[in-house]
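Please read the structure below before turning to the comments.
Being a predicted model, the structure only gives us computed values, none of them experimental. Below, chain A is the first sequence line, B the second, and so on; all start at residue 1.
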Amino acid sequence: MNMYIGNLSYNVREADLREVMEEYGTVESVKLIVDRDTRRSKGFAFIEMPETSEAKRAIEELNGATYEGRPMVVKEALPRN
DNA sequence: GTTGAGCGT
């Protein structure tokens, strides 16, 4: 399942996100979106979890949870197009 | 600061 993680603090790194998500299951990939020019985080990321049941649990547990001082959004990602 | 990059793999 592909997930969208939003409202992240700019100091969160991909490795941080992976650690958090792995509390709920296997994480296939983590993609923190960073501005190509400034190298600054855009504050959102995409995480792929092979096991949908684990992904859904992560969404339930982490959506709205405060992380690095911000209530993060965790939900299924929109199709990329 | 809220739905993806790359610049040719």
So CE of A/Met72 and CG of A/Asn63: to nearest 0.5 Å the spacing works out to 8.5 Å
Note: A/Ile5 and A/Leu17 closest approach over all heavy atoms is CG2-CD2, 4.3 Å
Between CG of A/Leu78 and P of B/dT2 the distance, given in whole Å, is 14 Å
Closest heavy-atom pair, A/Asn11 versus A/Asp16, reported as atoms and distance to 0.1 Å, is O-OD2, 4.1 Å
Using atom P in both nucleotides, what's the gap between B/dG4 and B/dG8 to the nearest angstrom? 22 Å
Taken to the nearest whole Å, CE/A/Met1 to P/B/dT3 is 18 Å
Judged by nearest nucleotide, the residue sitting upstream toward the 5' end of DNA chain B, A/Met3 or A/Asn7, is A/Asn7
**OP:** Mind checking A/Leu8 for me? I need base, sugar-phosphate or nothing, with any heavy atom below 4.0 Å counting as a touch.
**Re:** base
For A/Glu68 and A/Ser9 the tightest heavy-atom approach is CB-CB, 3.7 Å
I'd like a table of atom pairs between the protein and nucleotides 6-9 of chain B - only N or O on both sides, under 3.5 Å - with the distance next to each one.
| residue | atom | partner | partner atom | Å |
| --- | --- | --- | --- | --- |
| B/dG6 | OP1 | A/Arg36 | NE | 3.1 |
| B/dG6 | OP2 | A/Arg36 | NE | 3.4 |

When rounded to whole Å, the CD1 to C1' distance for the pair A/Ile33 and B/dT3 reads 8 Å
CD of A/Glu19 to CD of A/Glu14, rounded to nearest 0.5 Å, is 12.5 Å
Does A/Asn2 reach a base, just sugar-phosphate, or nothing at all? Heavy atoms under 4.0 Å. base
When rounded to whole Å, the CG to C1' distance for the pair A/Asp37 and B/dA5 reads 12 Å
Residues of residues 41-53 of chain A with a heavy atom under 4.0 Å from any atom of DNA chain B, listed by number, are A/Phe44, A/Phe46
Note: A/Glu48 and A/Met1 closest approach over all heavy atoms is OE2-N, 3.2 Å
Which of B/dT2, B/dT3, B/dA5 is nearest the side chain of A/Arg80? It is B/dA5
Query raised in the report: If you measure from the C1' atom in B/dA5 to the same atom in B/dT9, how many Å do you get, rounded?
Result: 11 Å
Donor-acceptor pairs are to be reported for all side-chain atoms of residues 23-36 of chain A against protein atoms at under 3.5 Å, with residues two or more places apart or in another chain.
| residue | atom | partner | partner atom | Å |
| --- | --- | --- | --- | --- |
| A/Asp35 | OD1 | A/Asp37 | N | 2.8 |
| A/Asp35 | OD1 | A/Thr38 | N | 2.9 |
| A/Asp35 | OD1 | A/Thr38 | OG1 | 3.4 |

From CG of A/Asn63 across to P of B/dT2 the rounded distance in Å is 17 Å
Rounded to whole Å, the OH-P distance (A/Tyr4 to B/dG4) equals 9 Å
Heavy-atom nearest pair, A/Gly43 first then A/Ser41, reads N-OG, 2.9 Å
Minimal heavy-atom distance between A/Gly64 and A/Pro71, with the atoms involved, is O-CB, 4.0 Å
Check your understanding: Given the C1' atoms of B/dG6 and B/dT2, what is the spacing between them in whole Å?
Key -> 22 Å
